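Below you'll find the structure, written out as structure tokens, and then a few comments.
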2 protein chains.
Amino acid sequence: MQNAVLQIQVQDTLYVKDPTSSTIGKSILGHGLILLSEIGLEEFTFKKLAHKISSTESTIYRYFENKHQFLSYLFNFYWAWMDVNIAFAITNIDCPKERLKRIIRVLTQKVNNDIRTPFIDEEILQEVIALESSKTFLSKKVDEENKAGYFLQYKKLVDRISLIVVEINPTYAYPNALVSTILESSFHQRYFGIHLPRLTNEMHVQERLEDFLTDLCFKTLL
Amino acid sequence: MQNAVLQIQVQDTLYVKDPTSSTIGKSILGHGLILLSEIGLEEFTFKKLAHKISSTESTIYRYFENKHQFLSYLFNFYWAWMDVNIAFAITNIDCPKERLKRIIRVLTQKVNNDIRTPFIDEEILQEVIALESSKTFLSKKVDEENKAGYFLQYKKLVDRISLIVVEINPTYAYPNALVSTILESSFHQRYFGIHLPRLTNEMHVQERLEDFLTDLCFKTLL
DNA sequence: TTTAGATTGATAGTAATACTATTATTTTTG
DNA sequence: CAAAAATAATAGTATTACTATCAATCTAAA
């Protein structure tokens with residue numbers, strides 16, 4: 001068994017200088033993520049982060065244009081990492097139904113820190129993405145950022161899962177819509193379960209969320 | 001036919017001073033909404049709005065604590081208004097399936113300005129809510145704001161529609177989750193259709209969005 | 001009709017944010 | 001070891017997100 005390092009690649013439009021290329025860059029990623037999870041995007045500033053890592057604002061600005069770009073980097077990192085996870089979960093599974101089931105399981109599971117990515121704690125990343133990811137695309141700059149590849153990893157994953165949906169039911173008219181609905185729901189329903197329970201039905205319980213989404217998918221497709 | 005004025009009531013925790021109680025308050029609502037639709041929440045400031053309505057920041061602060069509260073006001077206004085619309089759309093309809101169908105139609109339709117609310121243009125409001133509404137609850141202050149009633153109208157509507165879902169299928173375990181998923185999707189899928197088409201399947205076309213959500217609901221429930 | 005009370009406008013001010021720029025110092029690497 | 005690159009330290013600007021004060025105006029009750 002090798003001591004593998006998992007290289008997650010994101011678009012070079014998502015940084016000024018590649019944060020994985022230096023110690024301080026990795027520190028920005030790791031501690032930036034932690035700070036984000038602690039205080040949320042609105043309160044998050046590069047100044048606070050600089051203080052946390054005993055560095056300066058100007059250094060952080062050499063890696064990321066602004067906090068929105070930093071969030072988008074994490075967003076892409078998360079989905080690229082999820083893509084790897086999902087690919088692993090369905091290798092050697094031929095039946096597309098079983099593959100979709102396993103994907104939904106992976107999507108609704110609470111993740112654990114992946115030691116193959118030393119500077120990012122995926123458990124924290126998942127929390128941050130649940131709360132903040134919608135803010136990456138709900139912006140007036142969405143078209144511009146889309147052109148710059150800010151959503152590439154997410155779109156790739158939706159495409160990949162949609163292909164499986166098409167395998168299950170080639171006549172279904174809305175595979176991508178179904179998949180992106182499932183992905184969005186997997187975050188929002190869990191969040192509602194914790195914070196706005198009246199909007200959902202105990203979706204903070206992993207098995208229920210998994211069952212809800214699996215049921216929704218398969219009833220729709222079969 | 002009377003020249004009816006539709007009074008939409010929101011929680012008094014959503015303002016410092018009721019904006020509908022004065023001319024300048026209504027101007028803040030109306031022009032604030034327009035400014036929001038023009039530049040988005042991130043760029044929106046009370047200073048810019050004050051300039052637009054030839055008033056001052058201090059005056060606006062007498063009505064709303066900050067722009068987040070202003071957005072939450074609009075959020076509740078929208079769903080309270082939608083509630084009225086939906087109630088109207090299903091009066092005298094006994095069949096719960098038909099009622100749900102009609103609700104989905106209302107939810108996926110592009111709305112027109114309602115002249116019974118003179119200071120708010122619902123067409124613009126719908127655009128703003130589509131882009132910004134998730135930001136009302138995706139915040140570290142969600143629990144605090146939930147207690148203060150920031151999401152009451154939305155929760156009420158979800159409850160109301162869930163009751164119909166239960167009528168259609170009393171054994172279905174996730175009525176509220178299904179309803180909130182439909183509501184969230186009705187905005188996000190349309191948005192994806194316009195800005196991130198790879199995430200969906202032409203959901204900017206109203207009939208397709210309606211069909212997608214109707215199909216999703218009824219296949220899940222029947 | 002006066003007058004007190006409430007509302008708005010004008011102005012000022014503060015701490016924080018979101019940067020940019022410059023230069024000195026340290027670290028890396030060839 | 002020298003040159004180049006990266007980082008730290010410092011300063012500075014325009015804007016944001018407010019709060020405070022006080023004068024002007026408008027409004028409603030005695």
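Just so you know, these numbers come straight off a predicted model, no measurement behind them. Letters A, B, ... are given to chains in the order of the sequence lines, protein chains preceding strands, and every chain is numbered from 1.
Spacing between atom CD1 of B:I60 and atom C1' of D:dA17 amounts to 13 Å, rounded to whole angstrom units. One can place CD of A:E43 at 18 Å from P of C:dA15, the figure rounded to the nearest angstrom. As a whole-Å value, the separation of B:L49 CG from D:dT16 C1' is 15 Å. Whole-Å rounding puts the A:E42 CD to C:dA16 C1' distance at 16 Å. Following rounding to the nearest Å, A:F44 (CZ) and C:dA18 (P) show an atom-to-atom distance of 10 Å. Atom CG in A:N66 sits about 17 Å away from atom P in D:dT15, given to the nearest Å. Atom-to-atom, OH of A:Y61 to P of C:dT17 comes out at 11 Å; the value is rounded to the nearest Å. Whole-Å rounding puts the B:Q69 CD to D:dA17 C1' distance at 14 Å.
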| said: Evaluate A:H68 against B:E42 for side-chain hydrogen bond (donor to acceptor under 3.5 Å, both in side chains), listing each step before the verdict. | reply: CA-CA 11 Å; A:H68 185 75; B:E42 282 67 35; over 6 Å; no

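Within the 4.0 Å cut-off from OP1 or OP2 of C:dA16, not a single side-chain nitrogen or oxygen of A:K47 is found. In terms of phosphate contacts, A:K48 brings a side-chain nitrogen or oxygen within less than 4.0 Å of OP1 or OP2 of C:dT17.
Salt-bridge annotation for A:E38 and A:K52: present, with a side-chain N of the basic residue lying under 4.0 Å from a carboxylate O of the acidic one.
At a threshold of 4.0 angstrom between heavy atoms, the contacts of A:F46 with the nucleic acid are absent.
Taken to the nearest 0.5 Å, the CG atom of B:L14 stands 9.5 Å off from the CD atom of B:E65. Taking CZ from A:F77 and CD1 from A:I8, the interatomic distance works out to 5.0 Å, rounded to the nearest 0.5 Å. Atom-to-atom distance recorded for A:K135:NZ and B:S139:OG is 6.5 Å, nearest 0.5 angstrom.
Considering only heavy atoms from C-beta on, A:F75 stays 4.5 Å or farther from A:Y150 through its side chain.
Side-chain polar atoms of A:S185 and B:E184 form no donor-acceptor pair below 3.5 angstrom.
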Could you write out each protein N or O paired with an N or O of nucleotides 4-8 of chain D at a distance under 3.5 Å?
residue	atom	partner	partner atom	Å
D:dA6	OP1	A:K17	NZ	3.3
D:dT7	OP1	A:Y63	OH	3.1
D:dT7	OP2	A:Y63	OH	3.0
D:dA8	OP2	A:S55	OG	2.4
D:dA8	OP2	A:T59	OG1	3.0

